[in-house]
Amino acid sequence: MSTLAPVLPLDPETLREDFPILSVRLHGDVPLVYLDNAATTQRPRQVIQSLVDVYEKQYANVHRGIHWLSDQSTDLYEEAREKARAFINARHREEVIFTYGTTEGINLVARSWGGKNVGAGDEILLTEMEHHSNLVPWQQLAQERGAVLRHIPITDDGRLAMDALPALLSRRPKLVAVAAVSNVVGTINPVAEIARQAHAAGALVLVDAAQSVPHLPTDVQALGVDFLAFSGHKMLGPSGVGILYGRRELLDAMPPFLGGGSMIRRVKLDTFEPAELPAKFEAGTPPIVPAIGLGTAIDYLHAIGLERIHEYERMLTIRAHQVLQSVGGVRLLGPAPEHKAGIVSFTLEGIHAHDVAQILDRHGIAARAGHHCAMPLHKRLGTNASVRASFYFYNTLAEVEQLAAALVETKRVFRKA
Ligand code: 7TS
(Lines give C-alpha, C1' and ligand atoms only; values in the text may rest on other atoms or scores of the structure.)
Protein backbone atom coordinates (compact mmCIF):
# COMPACT_ATOMS: atom_id res chain seq x y z
CA MET A 1 0.00 0.00 0.00
CA SER A 2 1.32 3.43 -0.87
CA THR A 3 2.32 5.46 2.13
CA LEU A 4 0.39 8.32 0.54
CA ALA A 5 -2.90 6.42 0.69
CA PRO A 6 -5.32 8.22 2.98
CA VAL A 7 -5.91 6.49 6.29
CA LEU A 8 -9.63 5.89 6.55
CA PRO A 9 -11.24 6.35 9.95
CA LEU A 10 -12.21 3.05 11.48
CA ASP A 11 -15.79 1.88 11.24
CA PRO A 12 -16.94 0.77 14.69
CA GLU A 13 -20.20 -0.74 13.43
CA THR A 14 -18.40 -3.20 11.17
CA LEU A 15 -15.82 -4.04 13.83
CA ARG A 16 -18.54 -4.59 16.45
CA GLU A 17 -19.84 -7.51 14.39
CA ASP A 18 -16.66 -9.38 15.38
CA PHE A 19 -17.55 -9.13 19.09
CA PRO A 20 -20.38 -11.51 20.01
CA ILE A 21 -20.67 -10.16 23.55
CA LEU A 22 -21.49 -6.67 22.34
CA SER A 23 -24.92 -7.90 21.22
CA VAL A 24 -25.80 -9.17 24.69
CA ARG A 25 -28.99 -7.67 26.11
CA LEU A 26 -29.51 -7.41 29.84
CA HIS A 27 -32.16 -6.54 32.45
CA GLY A 28 -34.94 -7.70 30.16
CA ASP A 29 -34.00 -6.16 26.85
CA VAL A 30 -31.47 -3.40 27.39
CA PRO A 31 -28.46 -3.43 25.03
CA LEU A 32 -25.08 -3.67 26.68
CA VAL A 33 -22.99 -0.49 26.58
CA TYR A 34 -19.56 -1.68 27.56
CA LEU A 35 -17.50 1.22 28.93
CA ASP A 36 -15.16 -0.69 31.24
CA ASN A 37 -12.32 -1.30 28.82
CA ALA A 38 -9.61 -0.06 31.15
CA ALA A 39 -10.50 -2.96 33.44
CA THR A 40 -10.55 -5.47 30.60
CA THR A 41 -11.58 -5.42 26.96
CA GLN A 42 -13.80 -7.86 25.08
CA ARG A 43 -12.56 -10.42 22.54
CA PRO A 44 -13.38 -10.68 18.85
CA ARG A 45 -14.46 -14.06 17.51
CA GLN A 46 -11.11 -14.38 15.72
CA VAL A 47 -9.35 -14.53 19.11
CA ILE A 48 -11.93 -16.86 20.62
CA GLN A 49 -11.68 -19.14 17.59
CA SER A 50 -7.89 -19.25 17.80
CA LEU A 51 -8.18 -20.60 21.35
CA VAL A 52 -10.64 -23.26 20.23
CA ASP A 53 -8.43 -24.18 17.27
CA VAL A 54 -5.36 -24.73 19.43
CA TYR A 55 -7.22 -26.83 21.97
CA GLU A 56 -8.86 -28.88 19.23
CA LYS A 57 -5.85 -29.39 16.98
CA GLN A 58 -2.49 -28.28 18.28
CA TYR A 59 -2.31 -28.39 22.07
CA ALA A 60 0.52 -29.91 24.09
CA ASN A 61 3.08 -28.52 26.51
CA VAL A 62 5.77 -26.32 24.95
CA HIS A 63 9.55 -26.72 24.79
CA ARG A 64 9.34 -30.23 26.21
CA GLY A 65 8.07 -33.04 24.07
CA ILE A 66 10.01 -34.57 21.24
CA HIS A 67 6.71 -35.20 19.58
CA TRP A 68 4.78 -33.60 16.75
CA LEU A 69 2.05 -32.04 18.86
CA SER A 70 4.51 -30.35 21.18
CA ASP A 71 6.36 -28.96 18.16
CA GLN A 72 3.08 -27.53 16.89
CA SER A 73 2.21 -25.72 20.10
CA THR A 74 5.81 -24.61 20.64
CA ASP A 75 5.86 -23.06 17.16
CA LEU A 76 2.60 -21.22 17.81
CA TYR A 77 3.78 -20.03 21.22
CA GLU A 78 7.05 -18.71 19.77
CA GLU A 79 5.21 -17.11 16.82
CA ALA A 80 3.13 -15.22 19.41
CA ARG A 81 6.35 -14.01 21.03
CA GLU A 82 7.56 -12.76 17.66
CA LYS A 83 4.26 -10.92 17.09
CA ALA A 84 4.59 -9.25 20.49
CA ARG A 85 8.20 -8.33 19.75
CA ALA A 86 7.26 -6.68 16.48
CA PHE A 87 4.23 -4.96 18.06
CA ILE A 88 6.42 -3.01 20.49
CA ASN A 89 9.48 -2.96 18.21
CA ALA A 90 11.79 -4.75 20.63
CA ARG A 91 15.16 -5.50 19.09
CA HIS A 92 15.41 -9.16 20.13
CA ARG A 93 12.96 -11.99 20.84
CA GLU A 94 14.88 -12.74 24.06
CA GLU A 95 13.69 -9.38 25.37
CA VAL A 96 10.05 -10.49 25.33
CA ILE A 97 9.02 -12.48 28.40
CA PHE A 98 5.58 -14.02 28.76
CA THR A 99 4.11 -13.26 32.18
CA TYR A 100 0.59 -13.59 33.53
CA GLY A 101 0.09 -9.82 33.23
CA THR A 102 1.36 -6.35 34.02
CA THR A 103 1.30 -7.11 37.74
CA GLU A 104 3.69 -10.03 37.39
CA GLY A 105 5.94 -8.08 35.02
CA ILE A 106 6.44 -5.25 37.51
CA ASN A 107 6.89 -7.66 40.43
CA LEU A 108 9.46 -9.57 38.40
CA VAL A 109 11.55 -6.45 37.92
CA ALA A 110 11.12 -5.30 41.54
CA ARG A 111 12.13 -8.70 42.89
CA SER A 112 14.80 -9.71 40.44
CA TRP A 113 16.43 -6.45 39.35
CA GLY A 114 15.52 -4.65 42.59
CA GLY A 115 16.68 -7.52 44.77
CA LYS A 116 20.09 -7.41 43.14
CA ASN A 117 20.56 -3.68 42.66
CA VAL A 118 18.68 -1.77 45.35
CA GLY A 119 20.12 -1.28 48.82
CA ALA A 120 19.59 0.84 51.92
CA GLY A 121 19.09 4.52 51.13
CA ASP A 122 18.76 3.96 47.37
CA GLU A 123 15.87 5.81 45.80
CA ILE A 124 13.13 4.65 43.44
CA LEU A 125 11.14 7.38 41.74
CA LEU A 126 7.44 6.74 41.06
CA THR A 127 4.55 9.12 40.40
CA GLU A 128 1.42 10.13 42.29
CA MET A 129 -0.80 8.65 39.58
CA GLU A 130 0.30 5.01 39.63
CA HIS A 131 -1.94 1.98 39.77
CA HIS A 132 -1.33 -0.04 42.94
CA SER A 133 0.58 -2.60 40.91
CA ASN A 134 3.24 0.02 40.20
CA LEU A 135 3.33 1.13 43.84
CA VAL A 136 3.08 -1.92 46.08
CA PRO A 137 5.94 -4.01 44.59
CA TRP A 138 8.26 -1.02 45.11
CA GLN A 139 6.94 -0.50 48.64
CA GLN A 140 7.68 -4.15 49.38
CA LEU A 141 11.19 -3.77 47.97
CA ALA A 142 11.76 -0.53 49.90
CA GLN A 143 10.60 -2.13 53.16
CA GLU A 144 12.89 -5.09 52.62
CA ARG A 145 15.95 -3.06 51.61
CA GLY A 146 15.55 0.20 53.47
CA ALA A 147 15.23 1.98 50.14
CA VAL A 148 13.42 5.30 49.73
CA LEU A 149 10.43 5.94 47.47
CA ARG A 150 9.77 9.35 45.98
CA HIS A 151 6.99 10.46 43.69
CA ILE A 152 6.74 12.88 40.81
CA PRO A 153 3.84 15.11 41.89
CA ILE A 154 0.85 15.81 39.68
CA THR A 155 -0.92 19.01 38.81
CA ASP A 156 -4.52 19.65 39.84
CA ASP A 157 -5.65 18.57 36.38
CA GLY A 158 -3.88 15.22 36.65
CA ARG A 159 -0.69 15.76 34.64
CA LEU A 160 2.83 15.03 35.82
CA ALA A 161 4.50 18.13 37.21
CA MET A 162 7.51 17.76 34.92
CA ASP A 163 9.20 20.83 36.38
CA ALA A 164 9.70 18.81 39.59
CA LEU A 165 11.61 16.08 37.74
CA PRO A 166 15.14 17.58 37.55
CA ALA A 167 15.35 18.03 41.34
CA LEU A 168 14.06 14.50 41.96
CA LEU A 169 16.53 13.08 39.44
CA SER A 170 19.40 15.04 40.97
CA ARG A 171 19.01 12.68 43.96
CA ARG A 172 20.15 9.97 41.54
CA PRO A 173 17.38 7.38 41.92
CA LYS A 174 18.19 3.91 40.69
CA LEU A 175 14.99 3.56 38.73
CA VAL A 176 12.03 5.61 37.56
CA ALA A 177 8.78 3.65 37.24
CA VAL A 178 5.90 5.42 35.52
CA ALA A 179 2.60 4.62 33.83
CA ALA A 180 2.49 5.58 30.16
CA VAL A 181 -1.24 6.27 30.53
CA SER A 182 -3.08 6.72 33.84
CA ASN A 183 -5.86 4.20 34.37
CA VAL A 184 -7.93 6.84 36.15
CA VAL A 185 -7.35 10.26 34.64
CA GLY A 186 -6.27 8.93 31.24
CA THR A 187 -3.26 11.25 31.03
CA ILE A 188 -0.71 10.29 28.39
CA ASN A 189 2.63 10.81 30.09
CA PRO A 190 5.78 12.03 28.28
CA VAL A 191 7.61 8.72 28.69
CA ALA A 192 10.34 9.38 26.10
CA GLU A 193 11.22 12.68 27.76
CA ILE A 194 11.22 11.09 31.22
CA ALA A 195 13.49 8.31 29.92
CA ARG A 196 15.86 10.83 28.38
CA GLN A 197 16.19 12.80 31.60
CA ALA A 198 16.31 9.69 33.80
CA HIS A 199 19.08 8.11 31.76
CA ALA A 200 21.09 11.32 31.86
CA ALA A 201 20.85 11.05 35.66
CA GLY A 202 21.93 7.40 35.62
CA ALA A 203 18.51 5.86 36.39
CA LEU A 204 16.77 3.01 34.60
CA VAL A 205 13.18 3.41 33.43
CA LEU A 206 10.28 0.99 33.80
CA VAL A 207 7.02 1.75 32.04
CA ASP A 208 3.66 0.41 33.19
CA ALA A 209 2.10 0.20 29.74
CA ALA A 210 -1.11 -1.60 30.72
CA GLN A 211 -3.22 1.30 29.45
CA SER A 212 -1.06 2.44 26.56
CA VAL A 213 -0.02 -0.60 24.51
CA PRO A 214 -3.67 -1.49 23.70
CA HIS A 215 -4.48 2.04 22.51
CA LEU A 216 -1.39 3.82 21.15
CA PRO A 217 1.52 2.79 18.93
CA THR A 218 4.41 1.64 21.14
CA ASP A 219 8.05 1.53 20.12
CA VAL A 220 10.32 0.59 23.00
CA GLN A 221 13.44 1.59 21.08
CA ALA A 222 12.08 5.02 20.18
CA LEU A 223 10.87 5.51 23.75
CA GLY A 224 14.29 4.46 24.99
CA VAL A 225 12.92 2.61 28.02
CA ASP A 226 14.53 -0.29 29.88
CA PHE A 227 11.48 -2.29 30.99
CA LEU A 228 7.88 -2.18 29.82
CA ALA A 229 4.99 -4.31 31.09
CA PHE A 230 1.49 -4.86 29.72
CA SER A 231 -1.47 -7.27 29.88
CA GLY A 232 -3.12 -9.30 27.12
CA HIS A 233 -6.63 -9.01 28.53
CA LYS A 234 -6.68 -5.23 28.06
CA MET A 235 -5.98 -5.59 24.31
CA LEU A 236 -8.49 -8.21 23.09
CA GLY A 237 -6.40 -11.13 24.31
CA PRO A 238 -7.23 -13.77 26.90
CA SER A 239 -6.70 -13.12 30.58
CA GLY A 240 -3.73 -14.83 32.21
CA VAL A 241 -1.05 -13.60 29.83
CA GLY A 242 1.04 -10.47 29.57
CA ILE A 243 4.42 -9.32 28.36
CA LEU A 244 7.44 -7.96 30.10
CA TYR A 245 9.91 -6.28 27.78
CA GLY A 246 13.39 -5.78 29.17
CA ARG A 247 16.63 -4.73 27.51
CA ARG A 248 18.69 -7.87 26.90
CA GLU A 249 21.79 -6.77 28.82
CA LEU A 250 19.64 -6.02 31.87
CA LEU A 251 17.64 -9.26 31.74
CA ASP A 252 20.84 -11.21 31.19
CA ALA A 253 22.35 -9.78 34.36
CA MET A 254 19.25 -10.37 36.50
CA PRO A 255 18.68 -13.50 38.59
CA PRO A 256 15.60 -15.64 37.81
CA PHE A 257 12.37 -14.53 39.48
CA LEU A 258 10.53 -17.85 39.91
CA GLY A 259 12.31 -21.18 40.09
CA GLY A 260 11.13 -24.44 38.59
CA GLY A 261 10.99 -26.31 35.31
CA SER A 262 12.05 -24.70 32.02
CA MET A 263 14.04 -21.87 33.57
CA ILE A 264 17.14 -24.01 34.11
CA ARG A 265 19.99 -25.30 32.02
CA ARG A 266 21.12 -27.85 34.59
CA VAL A 267 20.08 -28.80 38.13
CA LYS A 268 22.02 -30.64 40.79
CA LEU A 269 20.64 -31.51 44.19
CA ASP A 270 21.96 -28.32 45.73
CA THR A 271 22.48 -25.88 42.84
CA PHE A 272 21.16 -24.90 39.43
CA GLU A 273 22.34 -23.03 36.36
CA PRO A 274 19.68 -20.79 34.83
CA ALA A 275 18.60 -21.16 31.22
CA GLU A 276 19.19 -18.53 28.53
CA LEU A 277 16.63 -15.80 27.89
CA PRO A 278 13.69 -15.80 27.59
CA ALA A 279 13.29 -19.22 29.29
CA LYS A 280 15.14 -17.95 32.37
CA PHE A 281 12.08 -15.91 33.31
CA GLU A 282 9.41 -18.41 32.23
CA ALA A 283 9.43 -20.99 35.01
CA GLY A 284 6.90 -23.80 34.85
CA THR A 285 4.27 -24.37 32.20
CA PRO A 286 3.61 -20.94 30.70
CA PRO A 287 0.20 -19.55 29.65
CA ILE A 288 0.45 -21.42 26.34
CA VAL A 289 -2.98 -20.93 24.82
CA PRO A 290 -3.50 -17.39 26.21
CA ALA A 291 -0.16 -16.41 24.66
CA ILE A 292 -1.23 -17.79 21.28
CA GLY A 293 -4.56 -15.96 21.63
CA LEU A 294 -2.67 -12.77 22.39
CA GLY A 295 -0.80 -13.26 19.13
CA THR A 296 -4.13 -13.35 17.30
CA ALA A 297 -5.26 -10.24 19.17
CA ILE A 298 -2.09 -8.47 18.05
CA ASP A 299 -2.83 -9.45 14.42
CA TYR A 300 -6.32 -8.02 14.82
CA LEU A 301 -5.10 -4.72 16.30
CA HIS A 302 -2.37 -4.48 13.71
CA ALA A 303 -4.94 -4.83 10.91
CA ILE A 304 -6.90 -1.85 12.26
CA GLY A 305 -3.80 0.19 13.12
CA LEU A 306 -2.99 1.67 16.51
CA GLU A 307 -2.81 5.20 15.12
CA ARG A 308 -6.40 4.89 13.88
CA ILE A 309 -7.52 3.42 17.18
CA HIS A 310 -5.94 6.31 19.05
CA GLU A 311 -7.51 8.93 16.78
CA TYR A 312 -10.92 7.33 17.05
CA GLU A 313 -10.77 7.07 20.84
CA ARG A 314 -9.68 10.68 21.04
CA MET A 315 -12.79 11.67 19.12
CA LEU A 316 -14.93 9.71 21.62
CA THR A 317 -13.12 11.34 24.53
CA ILE A 318 -13.61 14.85 23.19
CA ARG A 319 -17.32 14.13 22.74
CA ALA A 320 -17.55 12.58 26.22
CA HIS A 321 -16.05 15.71 27.76
CA GLN A 322 -18.55 17.87 25.88
CA VAL A 323 -21.66 15.92 26.79
CA LEU A 324 -20.67 15.22 30.39
CA GLN A 325 -19.94 18.89 30.98
CA SER A 326 -23.43 19.68 29.77
CA VAL A 327 -25.00 17.33 32.36
CA GLY A 328 -24.32 19.71 35.25
CA GLY A 329 -22.77 18.68 38.55
CA VAL A 330 -20.22 16.51 36.77
CA ARG A 331 -16.61 17.07 37.79
CA LEU A 332 -14.27 15.64 35.18
CA LEU A 333 -10.99 14.38 36.62
CA GLY A 334 -7.81 14.76 34.65
CA PRO A 335 -6.67 16.99 31.84
CA ALA A 336 -8.28 18.20 28.62
CA PRO A 337 -8.90 15.51 25.98
CA GLU A 338 -5.81 16.40 23.93
CA HIS A 339 -3.64 15.07 26.78
CA LYS A 340 -5.69 11.93 27.29
CA ALA A 341 -6.28 8.43 26.05
CA GLY A 342 -9.88 7.14 26.03
CA ILE A 343 -10.46 7.20 29.78
CA VAL A 344 -12.93 9.63 31.32
CA SER A 345 -13.37 9.59 35.11
CA PHE A 346 -15.72 11.89 36.92
CA THR A 347 -17.74 12.51 40.04
CA LEU A 348 -21.37 13.57 40.16
CA GLU A 349 -22.11 16.16 42.80
CA GLY A 350 -23.89 14.80 45.86
CA ILE A 351 -24.14 11.20 44.59
CA HIS A 352 -21.68 8.45 45.49
CA ALA A 353 -19.83 6.89 42.58
CA HIS A 354 -21.18 3.43 43.44
CA ASP A 355 -24.76 4.72 43.30
CA VAL A 356 -24.07 6.34 39.95
CA ALA A 357 -22.63 3.10 38.56
CA GLN A 358 -25.67 1.20 39.81
CA ILE A 359 -28.07 3.47 37.95
CA LEU A 360 -25.85 3.32 34.86
CA ASP A 361 -26.05 -0.46 35.07
CA ARG A 362 -29.85 -0.28 34.93
CA HIS A 363 -29.35 1.45 31.59
CA GLY A 364 -27.10 -1.37 30.43
CA ILE A 365 -23.98 0.73 30.89
CA ALA A 366 -20.97 -1.11 32.33
CA ALA A 367 -18.72 1.48 33.98
CA ARG A 368 -16.41 1.12 36.93
CA ALA A 369 -16.83 2.98 40.21
CA GLY A 370 -14.43 3.22 43.14
CA HIS A 371 -10.77 4.04 43.43
CA HIS A 372 -9.75 1.92 40.43
CA CYS A 373 -6.70 0.58 42.30
CA ALA A 374 -5.29 4.10 42.57
CA MET A 375 -6.09 5.25 46.09
CA PRO A 376 -3.23 7.77 46.42
CA LEU A 377 -4.28 9.42 43.16
CA HIS A 378 -7.87 9.81 44.34
CA LYS A 379 -6.65 11.26 47.61
CA ARG A 380 -4.55 13.75 45.68
CA LEU A 381 -7.59 14.71 43.59
CA GLY A 382 -9.62 15.22 46.76
CA THR A 383 -12.12 12.39 46.35
CA ASN A 384 -12.45 8.80 47.56
CA ALA A 385 -14.06 7.43 44.47
CA SER A 386 -14.96 8.23 40.90
CA VAL A 387 -16.97 6.78 38.05
CA ARG A 388 -14.91 5.75 35.06
CA ALA A 389 -15.96 5.36 31.44
CA SER A 390 -13.17 3.83 29.39
CA PHE A 391 -13.43 3.34 25.64
CA TYR A 392 -12.16 1.04 22.97
CA PHE A 393 -12.50 1.23 19.20
CA TYR A 394 -15.83 -0.65 19.26
CA ASN A 395 -17.56 2.03 21.32
CA THR A 396 -19.68 4.56 19.47
CA LEU A 397 -20.69 8.19 19.72
CA ALA A 398 -24.23 6.97 20.38
CA GLU A 399 -22.98 5.14 23.48
CA VAL A 400 -21.32 8.32 24.72
CA GLU A 401 -24.68 10.09 24.34
CA GLN A 402 -26.38 7.23 26.22
CA LEU A 403 -23.94 7.69 29.09
CA ALA A 404 -24.81 11.37 29.37
CA ALA A 405 -28.55 10.65 29.19
CA ALA A 406 -28.23 8.02 31.93
CA LEU A 407 -26.44 10.55 34.13
CA VAL A 408 -29.27 13.02 33.70
CA GLU A 409 -31.61 10.21 34.76
CA THR A 410 -29.34 9.42 37.75
CA LYS A 411 -29.66 13.01 38.93
CA ARG A 412 -33.41 12.78 38.59
CA VAL A 413 -33.54 9.54 40.63
CA PHE A 414 -31.49 11.16 43.39
CA ARG A 415 -33.52 14.38 43.07
CA LYS A 416 -30.43 16.39 42.19
CA ALA A 417 -31.99 17.67 38.97
N1 7TS B 1 -1.21 -0.89 35.62
C2 7TS B 1 -2.24 -0.17 35.17
C3 7TS B 1 -2.02 1.25 34.71
C4 7TS B 1 -3.50 -0.76 35.13
O5 7TS B 1 -4.53 -0.05 34.67
C6 7TS B 1 -3.68 -2.09 35.57
C7 7TS B 1 -5.02 -2.74 35.63
C8 7TS B 1 -2.55 -2.79 35.99
C9 7TS B 1 -1.34 -2.15 36.00
C10 7TS B 1 -2.62 -4.21 36.41
O11 7TS B 1 -2.89 -5.01 35.32
P12 7TS B 1 -3.19 -6.57 35.52
O13 7TS B 1 -3.59 -7.02 34.15
O14 7TS B 1 -1.94 -7.19 35.99
O15 7TS B 1 -4.31 -6.64 36.51
N16 7TS B 1 -6.05 -1.84 35.76
C17 7TS B 1 -7.34 -2.09 36.07
C18 7TS B 1 -8.29 -1.09 36.14
O19 7TS B 1 -8.05 0.09 35.93
N20 7TS B 1 -9.46 -1.62 36.45
O21 7TS B 1 -9.32 -2.94 36.60
C22 7TS B 1 -7.99 -3.25 36.35
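Note that ligands are numbered from 1 as they come in the structure, with each ligand's atoms numbered from 1 the same way.
- In summary, the aromatic rings of Y77 and F98 are positioned with their centroids under 6.0 Å apart.
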Side-chain atoms of residues 364-371: list all donor-acceptor pairs with protein atoms under 3.5 Å, sequence neighbours left out, distances to 0.1 Å.
{"unit_1": "H371", "atom_1": "ND1", "unit_2": "C373", "atom_2": "N", "d": "3.0"}

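- Between D122 and R172 there is no salt bridge, since none of the side-chain N atoms of the basic residue sits less than 4.0 Å from a carboxylate O of the acidic one.
- The pair E349-K411 fails the salt-bridge criterion, with no side-chain N (NZ, NE, NH1 or NH2) lying under 4.0 Å from an Asp/Glu carboxylate O.
- Within 4.0 Å of ligand 1, the residues that place a heavy atom are A38, A39, T102, T103, H131, S133, N183, D208, A210, Q211, S231, H233, K234, R368, R388, listed by chain and number.
- Using a 4.0 Å cut-off between charged nitrogen and carboxylate oxygen, E311 and R308 do not count as a salt-bridge pair.
- With hydrogens and angles left out, the side-chain atoms of Y394 and D18 include no donor and acceptor closer than 3.5 Å.
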